[in-house]
Amino acid sequence: MNLILWVTQVLIATSFIWAASMKLFAPDDKLAQMWPWTADNAILVKLTGVIDLTIGIGLVLPVLFHRQARLTIYAAYGTIALMTAASIFHISRGEASQVGVNLFFAILALFIVWGRANKHPKIRINEEQALPRC
């Protein structure tokens, strides 16, 4: 179960970090070709880029370093919230065909919440004992 959770976390994290790098560093015209909604929403593009980066990091690093591992669960909840908001946004713009990807990532994030909170006991360890403080 731990391996499946890790694969899922790395898959989502890689996808979100890639999306963040595109939203934060790619030229606007290239983004508009990939994602038409970005042409009219420059501030939203940068905001979601920062959120994507935060989620991508939050899904992996806390559990990897055994520090504040519950943050991984919070990042997964953030993924669910972001994917819900993105689905509503795309439906309101008449882009219902884009919602499938959002639902896929939301389901994967829900699996991470379930697995890390209920099935994998390492998330419940006393985090102060996980790594010695310097």
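Start at 1 with the first residue, then count along the sequence.
- Q33 pairs by the side chain to side chain donor-acceptor pair (under 3.5 Å) definition with nothing, not counting sequence neighbours.
- The side chain to side chain donor-acceptor pair (under 3.5 Å) check on T8 picks up nothing, with sequence neighbours excluded.
- For the atom pair CG of L108 and OG of S15, the computed distance is 9.0 Å after rounding to the nearest 0.5 Å.
- Within the 4.5 Å cutoff, side-chain heavy atoms of T38 are placed close to those of W35.
- Two residues are said to be in side-chain contact when any heavy atoms from C-beta on lie closer than 4.5 Å; V50 and L24 meet this criterion.
- Side-chain contact between T54 and F16 is absent, with no heavy atoms from C-beta onward closer than 4.5 Å.
- Judged as a salt bridge (charged side-chain N to carboxylate O under 4.0 Å, His left out), not a single pair has a partner in residues 75-84 (not counting sequence neighbours).
- Looking at heavy atoms from C-beta onward, M22 lies in side-chain contact with K30 at the 4.5 angstrom threshold.
- The closest side-chain heavy-atom distance from F111 to I4 is below 4.5 Å.
- No more than 12 heavy atoms of other residues, nucleotides or ligands sit less than 6.0 Å from atom OH of Y74.
- Tracing side-chain contacts under 4.5 Å through hydrophobic residues (I, L, V, M, F, W, Y), one reaches I57 starting from F65; they form part of the same cluster.
- Annotation: side chain of W6 is in contact with side chain of V63 (closest heavy-atom distance under 4.5 Å).
- The number of heavy atoms from other shown groups lying within 6.0 Å of OH (Y77) does not exceed 12.
- For A75, the side-chain contact (heavy atoms from CB on, under 4.5 Å) partners two or more places apart in sequence, or in a different chain, are L59.
- Residues R93 and Q98 have side chains that never bring a donor and an acceptor to within less than 3.5 angstrom of each other.
- V45 and I88 are assigned to two separate hydrophobic clusters, defined by single-linkage of ILVMFWY side chains at heavy-atom distances under 4.5 Å.
- With hydrophobic clusters built from ILVMFWY side chains whose heavy atoms lie under 4.5 angstrom apart, L44 shares a cluster with M34.
- Under a hydrophobic-cluster definition in which Ile, Leu, Val, Met, Phe, Trp and Tyr are linked whenever side-chain heavy atoms come within less than 4.5 Å, directly or via other members, V10 and L61 are assigned to the same cluster.
- Within the 4.5 Å cutoff, the side chain of I17 has no heavy atoms near those of the D52 side chain.
- Applying the under-4.5 Å side-chain rule to Ile, Leu, Val, Met, Phe, Trp and Tyr, the cluster around V99 extends to I91, L103.
- Screening residues 40-49 for side-chain hydrogen bond (donor to acceptor under 3.5 Å, both in side chains) gives K23-T48 as the qualifying pairs, with residues at least two apart or on separate chains.
- Both I112 and L11 belong to a common hydrophobic cluster when Ile, Leu, Val, Met, Phe, Trp and Tyr are linked at side-chain heavy-atom distances under 4.5 angstrom.
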